[in-house]
Amino acid sequence: MLNRILVALIGIPILMYVYYSGGIPLLVFTNIIVGIGLYEFYKMSELSGQRPFSKLGILSGLTIPNFIYFLEPLNIGVYLFFPISVLIICVMGVRIFENKVENASVDIGVTVLGIVYVSILFSHILLLTYLPNGGAWLIAVQVMVWVCDSAAYFVGINIGRKFFKEGFSIISPKKSKEGAIGAIIFTILVICLINYKYQLIPENYPVIIALGFLVSIVAQIGDLAESMFKREFKIKDSGRILGEHGGILDRFDSMIFVVPTVYYILKIFVY
């Protein structure tokens with residue numbers, strides 16, 4: 001418990017500073033999350049007997065946030081498709097030169113999945129900063145995710161499975177539908193309060209409500225997606241770098257899905 005409190009007391013102010021500052025601090029932060037997240041993902045798959053091309057995957061994954069930051073942000077084909085194209089050619093070439101057939105599609109597929117799941121999705125955090133009030137939006141997104149997670153937990157603990165007997169028992173036994181509904185309600189409330197206070201989207205509450213609803217849904221999908229992988233790989237946590245908080249993927253599983261969701265909603269419907 002002490003470890004959890006210390007990590008939160010130190011980590012939250014640093015995280016808020018990085019989000020608000022953007023620029024190089026956010027780029028460094030994104031590289032850390034992507035690099036460690038990919039390492040954890042590949043390590044989990046290795047523990048289950050798979051053989052992803054970890055080094056090539058991590059190297060390719062790290063090019064994406066740096067391409068986004070240093071290249072023209074409109075060149076989406078360059079900073080997304082180029083690294084994946086090179087990676088696929090390289091890993092298939094390596095497997096062919098190894099002259100091995102067994103589990104080729106699985107090992108190559110897991111390698112590419114890691115890039116898409118961790119690097120491409122989370123690197124949208126940099127794209128979000130290009131939008132108006134980008135730093136404020138990042139903080140708002142993180143607050144929504146924290147509220148969503150907390151509401152799902154506390155509502156689930158108090159009234160979970162009292163109305164809906166079936167939850168998500170196979171993927172995550174502690175998750176309940178009541179908790180999911182509570183998370184949706186509180187996430188919508190908190191983004192409405194944030195928007196009222198800071199006028200992120202003035203006088204456009206239909207979009208704000210839709211945003212809160214979708215963020216809550218996607219955040220819970222992100223949480224359950226990582227739980228699904230851990231169940232498949234038969235491990236409890238993605239890592240121990242954050243002590244009792246687990247690994248990087250354990251802490252940022254929801255943000256990985258939420259950041260691109262918010263970016264595209266704002267890009268299409270607001271800006």
Side-chain angles (χ1 to χ4, degrees), residues 3-4 6-19 21-48 50-70 79-80 83-84 87 90-91 107 109-129 138 141-142 145-146 149 219 222-260:
N3 174 268
R4 284 178 175 269
L6 288 175
V7 169
L9 288 176
I10 296 172
I12 290 176
I14 294 175
L15 193 61
M16 294 298 100
Y17 168 77
V18 169
Y19 283 168
S21 299
I24 292 297
L26 184 62
L27 176 64
V28 172
F29 169 76
T30 305
N31 276 288
I32 291 171
I33 299 302
V34 168
I36 298 176
L38 281 169
Y39 172 80
E40 290 178 351
F41 183 78
Y42 292 142
K43 194 67 177 178
M44 288 192 298
S45 67
E46 288 172 355
L47 292 174
S48 69
Q50 298 168 1
R51 294 181 60 246
F53 297 83
S54 303
K55 293 179 181 179
L56 282 173
I58 293 172
L59 180 62
S60 298
L62 287 172
T63 62
I64 292 172
N66 291 283
F67 276 13
I68 291 174
Y69 186 82
F70 290 108
Y79 59 68
L80 293 186
I84 292 182
L87 174 68
C90 288
V91 296
D107 295 340
V110 168
T111 305
V112 176
L113 174 61
I115 302 298
V116 176
Y117 171 49
V118 180
S119 183
I120 289 183
L121 293 184
F122 191 75
S123 292
H124 280 77
I125 198 169
L126 295 168
L127 292 174
L128 191 55
T129 61
L138 277 182
V141 166
Q142 184 65 78
V145 168
W146 284 335
D149 289 344
D223 183 28
L224 289 168
E226 202 233 352
S227 296
M228 177 179 66
F229 287 132
K230 290 191 292 187
R231 286 277 173 183
E232 180 187 1
F233 299 145
K234 296 179 175 58
I235 62 170
K236 184 178 183 295
D237 294 315
S238 65
R240 299 300 300 169
I241 192 171
L242 298 176
E244 294 178 15
H245 284 277
I248 289 297
L249 291 181
D250 293 320
R251 291 301 93 202
F252 290 92
D253 50 5
S254 295
M255 284 291 284
I256 286 173
F257 278 44
V258 167
V259 167

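As the structure is a computational prediction, the values presented were derived from the model and not from experiment. Values below: every heavy atom of this structure, side chains too, minus hydrogens, waters and symmetry copies. Count residues from 1 along the sequence.
In Y39, the OH atom is not crowded: 12 or fewer heavy atoms of neighbouring residues, nucleotides or ligands sit closer than 6.0 Å.
Rounding to the nearest 0.5 Å gives a distance of 12.5 Å between CG of L128 and OG of S123. With rounding to the nearest 0.5 Å, the separation of CD1 in I115 from CG in L38 is 5.0 Å. Put simply, CG on L138 and CG on L15 are 9.0 Å apart, with the number rounded to the nearest 0.5 Å.
L56 and V91 get closest at one heavy-atom pair: CD1-CG1, 3.9 Å. Among all heavy-atom pairs drawn from I33 and V118, the shortest one is O-CG1, 4.4 Å. The heavy-atom pair separating T63 from S60 by the smallest distance is OG1-O, 2.5 Å.
Proximity of a side-chain donor or acceptor of Y42 to a complementary backbone N or O of F53 within less than 3.5 Å is not detected. When atom types are taken as modelled, the side chain of K230 and the backbone of I235 share no donor-acceptor pair closer than 3.5 angstrom. A donor-acceptor pair under 3.5 Å links the side-chain atoms of E40 to the main chain of I248, judged by distance alone.
Residues K43 and F233 fail the side-chain proximity criterion, which asks for heavy atoms closer than 4.5 Å. You'll find the side chain of I58 stays beyond 4.5 Å of the side chain of V34, heavy atoms only. For the pair L26 and L126, the minimum side-chain heavy-atom distance is below 4.5 Å. Under the 4.5 Å side-chain criterion, counting only non-hydrogen atoms from C-beta, I84 is in contact with V116. Taking 4.5 Å as the limit, some side-chain heavy atom of M44 sits within range of a side-chain heavy atom of L249. Within the 4.5 Å cutoff, no side-chain heavy atoms of Y19 are placed close to those of V141.
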Please test T30 against I68 for side chain to side chain contact (heavy atoms under 4.5 Å, CB included), starting from the C-alpha separation and ending with a verdict.
-> CA-CA 11 Å; T30 305; I68 291 174; over 6 Å; no

Where do F252 and F29 land on the ring-ring contact (aromatic ring centres under 6.0 Å, His included) test, with the steps shown first?
-> CA-CA 12 Å; F252 290 92; F29 169 76; 5.8 Å; yes

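Residues D223 and S254 have side chains that never bring a donor and an acceptor to within less than 3.5 angstrom of each other.
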